[in-house]
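Remember, it's a predicted structure, so these values are computed and weren't measured experimentally.
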Amino acid sequence: MALLQSCTSLSKSFGARTLFENISLGISEGERLGLIGANGSGKSTLLQILSGRLEPDSGSVSMRRNIRIGYVPQLADFPDGRTAAEIVAGAIAGERLDDLERAARINQTLGRAGFSDGAARTESLSGGWKRRLAIARELAIQPDLLFLDEPTNHLDLEGILWLEKLLSSAPFASVVVSHDRYFLDNVVNDMAELGRVYPEGLFRVEGGYEHFLEKKEEFLLAQSSRQESLANKVRREVEWLRRGPKARTGKSRARIDEAGRLMRELSDLESRGVKGVAQIDFTATDRRTKRLVSVEGISKELGGRTLFRDLTFTLAPGTRLGLLGRNGTGKTTLLRILAGELDPDSGGVERAPNLRTVYFDQAREQLDQTDTLRQGLGAHGDTVIFRDRPIHVAGWAKRFLFDAGQLDRPISSLSGGEQARVLVARLMLQPADVLLLDEPTNDLDIPTLEVLEESLTEFPGALLLVTHDRYLLDRVSNAVLGLDGRGGARIYADYWQWEAGQAVPAPAGEAGQPVIGRLKPAPPAKKKLSYLEAREWEQMEARILEAEREMEAIGAEMQSPEVVSDGPRLHACYQKLQAAESRVEALYARWAELEGKQAGG
């Protein structure tokens with residue numbers, strides 16, 4: 001494949017903080033590179049450098065001649081008073097096209113992005129449709145290489161599936177920063193992670209996300225073994241040095257120099273191995289009741305459109321309800337009704353006495369951008385009160401991967417992922433019976449998402465979750481409420497049942513039918529399969545069939561006259577058959593183990 005772009009020895013710092021050093025990589029035709037890394041590791045900055053929007057402190061970026069590069073930033077912002085067609089037209093204003101060609105390009109691009117009306121004004125678009133418009137603007141230039149920074153943020157699940165299909169079949173190469181694990185699995189054919197834990201600052205693997213995780217684990221195990229071996233060598237050299245070797249001979253001096261080199265290598269490995277994970281643990285009250293919230297026949301209209309009607313369900317301790325539907329179907333509106341911020345048009349919401357509700361707002365309006373990090377974390381003076389005991393704000397900040405030197409920085413200077421962690425930290429200070437979470441995963445890195453998953457599955461109260469992260473939704477929720485956008489709703493067992501239901505269109509002209517759902521309290525939470533285990537379980541049947549076919553082929557080979565008459569060859573086949581039988585037995589045992597965990601989750 002021809003090389004489209006390459007970079008060599010890129011480094012970038014902001015003030016005294018170094019984001020990355022000596023990063024080198026190349027991007028070729030047909031590649032779909034997924035880029036991950038911890039919040040603050042410099043992924044967005046690297047994308048801006050590669051797309052030519054930011055200069056590195058050192059290093060160089062080389063591009064193929066006449067290459068067309070598109071860039072979709074994290075925040076899709078457009079001036080008010082413009083139409084979608086005008087935004088796309090502005091992207092190709094400098095191209096030599098006649099009026100007919102220009103109109104065709106605009107209409108074709110908007111159609112690919114799902115717009116049925118190019119006259120839609122930007123100020124009327126939801127966050128998801130603004131994201132589609134930002135992608136459409138870059139598609140219009142017909143790029144050879146497209147950079148996308150968290151493109152699934154604000155997209156509903158229909159939008160994410162659209163984007164997956166678009167990128168998977170696109171003629172252009174792409175680099176995608178994303179923390180959506182299913183999205184990465186379905187789209188990319190190359191993976192890279194930015195982080196100090198790697199000697200070159202970047203770890204890259206050819207293949208999808210699942211394959212990347214396997215190779216990353218192998219690398220980290222090898223690095224850990226190397227560190228342990230090196231520590232033993234350094235310990236022996238230190239003991240030798242303490243005995244006071246005379247450095248008069250060349251051999252002694254060389255050993256002293258080698259000891260110094262080993263110590264520096266060990267120090268480098270140890271510093272790269274230090275990595276933190278946010279500590280998320282929502283505080284629950286000790287309330288004992290069968291019903292926390294009862295929703296009885298509520299309806300709501302907005303802008304002359306019925307979002308839902310006659311909706312009935314109950315939230316009890318242990319209920320973890322996922323909320324699904326296209327953008328604009330009323331998910332956030334329903335959360336605000338349950339939080340008491342909005343009233344339904346009809347019906348009622350009955351709450352247990354003195355109910356304590358914690359609400360995570362996807363717009364993060366609870367955070368004052370002019371506040372300092374210290375204030376945003378909920379500090380009163382130098383302490384926060386967590387579970388009725390004071391904790392110094394510096395220690396609380398460290399729990400969410402902030403250092404004491406950041407406490408007086410304004411919240412507006414923090415990245416999206418950092419602001420999400422601030423809001424989580426603030427909400428954790430409030431004991432809750434019910435958690436209402438509206439897109440809490442936006443901008444969070446994968447390690448933080450994994451900790452959030454664990455915390456939510458162990459939360460003993462009730463939970464209502466709106467998220468586009470299918471993996472988190474599938475792992476956390478024990479039921480799904482789907483809003484159809486036409487006033488109806490239905491309760492599903494899980495995300496996959498909901499997705500299958502979307503493939504069956506409703507009869508033309510039929511309005512959504514209200515469905516009453518009585519959600520039963522869930523049994524105590526059990527740990528579900530990890531990401532890799534889930535993928536392994538899905539592939540296990542195919543692997544067993546393949547192993548059994550191999551065993552049958554060896555058995556058939558042993559029956560052939562030329563093998564039967566050849567003693568050494570027959571013995572070799574017998575050994576291969578034994579190995580194949582052992583492999584089949586091991587696969588069946590592993591399958592049973594995974595099925596047991598899956599059933600328990």
Heavy-atom closest contact ([X] atom, [Y] atom, distance):
X	Y	answer
Gln369	Pro410	O-CB, 4.2 Å
Gly322	Ser477	N-CB, 3.8 Å
Asp438	Thr332	OD2-OG1, 2.7 Å
Leu125	Lys130	O-CE, 3.6 Å
Leu367	Gly376	CD2-O, 4.4 Å
Ala352	Arg291	CB-O, 3.8 Å

Please answer whether the main-chain N or O of [Y] pairs with a side-chain N or O of [X] as donor and acceptor at a distance below 3.5 Å.
X	Y	value
Gln406	Asp403	yes
Thr329	Asp484	no
Asn39	Glu418	no
Ser294	Thr314	no
Gln419	Ile411	yes
Asn478	Arg320	yes
Glu454	Val451	no
Asp180	Asp469	no
Lys300	Asp343	yes
Glu453	Val476	no

Using the side-chain contact (heavy atoms from CB on, under 4.5 Å) criterion, which residues pair with [X]? Sequence neighbours excluded.
X	result
Asn327	Ser126, Asp156, Lys331
Ala379	Arg374, Val384, Val393
Arg351	Val349, Leu355
Arg389	Ile391

Pairwise distance [atom1]([X]) to [atom2]([Y]) - rounded to 0.5 angstrom:
X	Y	atom1	atom2	result
Phe78	Leu133	CZ	CG	4.0 Å
Asp494	Glu499	CG	CD	10.5 Å
Phe20	Leu46	CZ	CG	5.0 Å
Leu452	Thr467	CG	OG1	9.0 Å
Leu377	Arg426	CG	CZ	9.0 Å
Ile36	Lys43	CD1	NZ	9.0 Å

Counting only heavy atoms not in [X], do more than 12 fall under 6.0 Å of its [atom1]?
X	atom1	value
Glu350	CD	no
Gln539	CD	yes
Arg326	CZ	no
Leu75	CG	no

Are [X] and [Y] side-chain neighbours, meaning at least one heavy-atom pair lies under 4.5 Å?
X	Y	answer
Trp496	Arg470	no
Leu148	Leu167	yes
Val293	Leu464	no
Thr441	His468	yes
Leu427	Val424	no
Arg181	Glu450	yes
Gln375	Asp368	no
Ile491	Leu481	yes

For this session: Evaluate the side-chain contact (heavy atoms from CB on, under 4.5 Å) criterion for residues Leu163 and Ile160: first the C-alpha distance (whole Å), next the side-chain angles of each, then the deciding distance (0.1 Å), finally the verdict.
Result: CA-CA 5 Å; Leu163 184 58; Ile160 293 174; 5.7 Å; no
Exercise. Between Arg131 and Glu150, is there a salt bridge with N-O shorter than 4.0 Å?
Worked result: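 Not counted as a salt bridge, because no side-chain N and carboxylate O are separated by less than 4.0 Å.
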Exercise. Are Arg309 and Asp345 within salt-bridge range, i.e. N to O under 4.0 Å?
Worked result: no
Exercise. With sequence neighbours left out, what residues match Asp190 under salt bridge (Lys or Arg N to Asp or Glu O under 4.0 Å)?
Worked result: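 With neighbours one apart ignored, the set is Arg204.
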For this session: May I have the step-by-step check of side-chain contact (heavy atoms from CB on, under 4.5 Å) for Leu155 and Phe183, ending in yes or no?
Result: CA-CA 12 Å; Leu155 284 179; Phe183 179 81; over 6 Å; no
Problem set entry | Parallel, tilted or perpendicular: rings of Trp129 and Phe115 (30°, 60°) | perpendicular
For this session: List the steps and the verdict of ring pair (Phe, Tyr, Trp, His ring centres under 6.0 Å) for Tyr182 and Tyr471.
Result: CA-CA 6 Å; Tyr182 280 158; Tyr471 181 72; 5.7 Å; yes
Exercise. Tell me the ring-ring contact (aromatic ring centres under 6.0 Å, His included) pairs involving residues 400-438, sequence neighbours left out?
Worked result: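 Counting only pairs at least two positions apart or across chains, the ring-ring contact (aromatic ring centres under 6.0 Å, His included) contacts touching residues 400-438 are Trp396-Phe400.
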Exercise. Of Glu210, Glu214, Lys216, which meets side chain to side chain contact (heavy atoms under 4.5 Å, CB included) against Phe212?
Worked result: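 Per the side chain to side chain contact (heavy atoms under 4.5 Å, CB included) rule, the option paired with Phe212 is Lys216, out of Glu210, Glu214, Lys216.
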For this session: Please report the C-alpha distance between Leu307 and Leu483 in whole Å, then the side-chain angles of each, then the deciding distance to 0.1 Å, and finally whether the side-chain contact (heavy atoms from CB on, under 4.5 Å) criterion is met.
Result: CA-CA 8 Å; Leu307 299 178; Leu483 303 181; over 6 Å; no
For this session: Would you please test Leu435 and Leu456 for side-chain contact (heavy atoms from CB on, under 4.5 Å) and show each step?
Result: CA-CA 9 Å; Leu435 295 180; Leu456 296 181; 4.0 Å; yes
